[in-house]
Amino acid sequence: DLAILLEQDIPWYLRQLRTITLNYPNIGSIRLAVFVHVAMVIGIRELLHLPYLWQAVKENRWEDAADALLMSKWPGETG
């Protein structure tokens, strides 16, 4: 059942992202939820290897961070 899979997967993705998000205290729970979703779609490795995204996050440039996500594999995988 999908709900059981999500219950198991979401904590795993949160643990994987925790190390990187600790370096960015400006990431709130809503943005973290977006990153978990993106990681579930394109994979942790792909998400973590978006340097423009993480530079934008570091500098609180959220529109640029959104652009970086839109230029990743994420939109093609979800639509």
Same apolar cluster: L70 and L47, side chain cutoff 4.5 Å:
yes
So which atom in A65 and which in L53 form the shortest heavy-atom distance, rounded to 0.1 Å?
O-CD1, 3.5 Å
Could you grab the distance from atom CD1 of I20 to atom CD1 of I44, nearest 0.5 Å is fine?
9.5 Å
In this structure, CG of L69 is separated from CG of D67 (nearest 0.5 Å) by 9.0 Å
Rounded to the nearest 0.5 angstrom, the CZ-CD distance for R45 and Q16 is 11.0 Å
Could you give the side-chain donor-acceptor pairs of residues 26-34 under 3.5 Å, partners two or more places apart or in another chain?
from	atom 1	to	atom 2	distance (Å)
N26	ND2	V57	O	2.7
N26	ND2	N60	OD1	2.4

Could you give all pairs that pass the ring pair (Phe, Tyr, Trp, His ring centres under 6.0 Å) test and reach residues 40-65, with sequence neighbours left out?
Y24-W54, F35-W54
Under a 4.5 Å cut-off applied to non-hydrogen side-chain atoms, are R18 and L14 in contact?
no
Is there a continuous path of hydrophobic side-chain contacts, each under 4.5 Å between heavy atoms, that joins I10 to W12?
yes
Over all heavy atoms of both residues, which pair between K73 and I42 is shortest? Give the atoms and the distance, please.
C-CG2, 3.8 Å
